[in-house]
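A short write-up of the structure that comes next.
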Amino acid sequence: GESVGLHLPTLSVQEGDNSIINCAYSNSASDYFIWYKQESGKGPQFIIDIRSNMDKRQGQRVTVLLNKTVKHLSLQIAATQPGDSAVYFCAEISAGGTSYGKLTFGQGTILTVHP
Amino acid sequence: GAVVSQHPSRVICKSGTSVKIECRSLDFQATTMFWYRQFPKQSLMLMATSNEGSKATYEQGVEKDKFLINHASLTLSTLTVTSAHPEDSSFYICSATDPSPTDTQYFGPGTRLTVL
């Protein structure tokens, strides 16, 4: 079954702190994972991705960790800024077959950064 | 990065009317476009997959006769909500896949539909 969103969990941090947002995925056949940021009233914006043959990938101020054993993803944001306040979603893509290319979104986390 | 637009950004309509939402890839030809629906404070739920020149593939539970999808060209897909009702009020988001070089999906800004 697909991940269906309920009311989103929240994470509040102080400006300058590091943030860690977690995501559990369900499909062991997924081989590509993406983190998106969604600001209020806007579409999702790509942050960083990782393939299943990696366990860590770093971008600018962001790091994604993948643990395939427990089907867990995390997004780490260093030195969090007020502009990072948004909803963060993980998404997985199936490796092939009729589901090829279809994104399945996790439930999302609301990140609030206090100045 | 690649740009995907949606039009309109907001629409308010009366119950029973139909509403058309356009999704365009502005600087690339999209092999596939996807339509999502998002309720407040919830995640995105995939409604259908749209391929140019062929019928859309709908997710389980999505009524194809109510949510008509037309993918007339490699840069345009439309979603028509037919006989809209208040429960159809939602945020509708499209994405388009740029095949070059890595099948990256780019999202549109979304359309807020309110049915009175």
Side-chain angles (χ1 to χ4, degrees), chain A residues 1-11 21 23-27 30-51 57 59-60 73 86-112, chain B residues 1-10 21 23-26 30-51 54-62 90-99 101-114:
Chain A
E2 307 296 333
S3 296
V4 176
L6 301 174
H7 292 287
L8 306 178
T10 59
L11 174 65
I21 300 170
C23 177
Y25 64 94
S26 55
N27 187 355
S30 295
D31 70 345
Y32 181 43
F33 304 88
I34 309 169
W35 279 99
Y36 288 96
K37 172 186 180 183
Q38 186 180 27
E39 296 175 305
S40 181
K42 297 183 180 180
Q45 177 185 359
F46 174 93
I47 301 173
I48 191 168
D49 59 359
I50 189 168
R51 298 225 172 250
R57 188 156 189 236
Q60 187 175 17
L73 271 175
V87 181
Y88 289 81
F89 294 98
C90 66
E92 57 187 294
I93 290 187
S94 298
T98 57
S99 297
Y100 180 74
K102 287 169 54 173
L103 282 168
T104 301
F105 279 84
Q107 75 174 121
T109 297
I110 301 172
L111 175 65
T112 304
Chain B
V3 177
V4 176
S5 70
Q6 280 183 243
H7 178 79
S9 57
R10 292 178 180 271
I21 303 170
C23 177
R24 293 182 185 270
S25 56
L26 297 184
T31 51
T32 305
M33 291 183 171
F34 298 89
W35 287 96
Y36 297 84
R37 181 174 181 174
Q38 186 179 31
F39 291 108
K41 302 223 183 281
Q42 292 193 19
S43 188
L44 283 77
M45 290 186 62
L46 180 65
M47 299 175 66
T49 303
S50 172
N51 291 294
S54 62
K55 290 185 178 180
T57 303
Y58 290 82
E59 295 300 298
Q60 192 172 10
V62 178
S90 190
F91 194 49
Y92 292 87
I93 307 171
C94 73
S95 69
T97 301
D98 184 354
T102 57
D103 281 338
T104 304
Q105 278 193 41
Y106 296 95
F107 283 84
T111 296
R112 172 74 60 195
L113 171 63
T114 303

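The chains referred to below are lettered A, B, ... by the order of the sequence lines, with proteins before strands, and numbering in each begins at 1. The structure presented is a predicted model; accordingly, all values stated were derived computationally and were not measured.
- The side-chain heavy atoms of F91(B) and Q38(A), taken from C-beta on, include a pair separated by under 4.5 Å.
- Between P44(A) and F107(B), the closest heavy-atom pair is O-CB, 3.4 Å.
- Checked against salt bridge (charged side-chain N to carboxylate O under 4.0 Å, His left out), K55(B) has no partners two or more places apart in sequence or in another chain.
- Across Q105(B), R112(B), R10(B), the residue that shares the most heavy-atom pairs under 4.5 angstrom with chain A is Q105(B).
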Inset, instruction - Mind running side-chain contact (heavy atoms from CB on, under 4.5 Å) on F89(A) and L44(B) for me, showing each step along the way? - result: CA-CA 9 Å; F89(A) 294 98; L44(B) 283 77; 4.1 Å; yes

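- For R57(A), the salt bridge (charged side-chain N to carboxylate O under 4.0 Å, His left out) partners are D49(A), not counting sequence neighbours.
- Contacts of F39(B) with chain A are absent, with no heavy-atom separation under 4.5 Å from either backbone or side chain.
- Neither the backbone nor the side chain of T32(B) comes within less than 4.5 Å of any heavy atom of chain A.
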Legend entry - Step-by-step side-chain contact (heavy atoms from CB on, under 4.5 Å) determination, T57(B) to K102(A): CA-CA 11 Å; T57(B) 303; K102(A) 287 169 54 173; over 6 Å; no

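- For G106(A) against S43(B), the heavy-atom pair with the smallest separation is O-OG, 2.5 Å.
- The CG atom of L46(B) sits 7.5 Å away from atom OG1 of T104(A), with the distance rounded to the nearest 0.5 Å.
- No part of Q45(A) comes within reach of chain B, as not one of its non-hydrogen atoms sits under 4.5 angstrom from that chain.
- Neither the backbone nor the side chain of Q6(B) comes within contact range of chain A; no heavy atom of the residue lies under 4.5 Å from a heavy atom of that chain.
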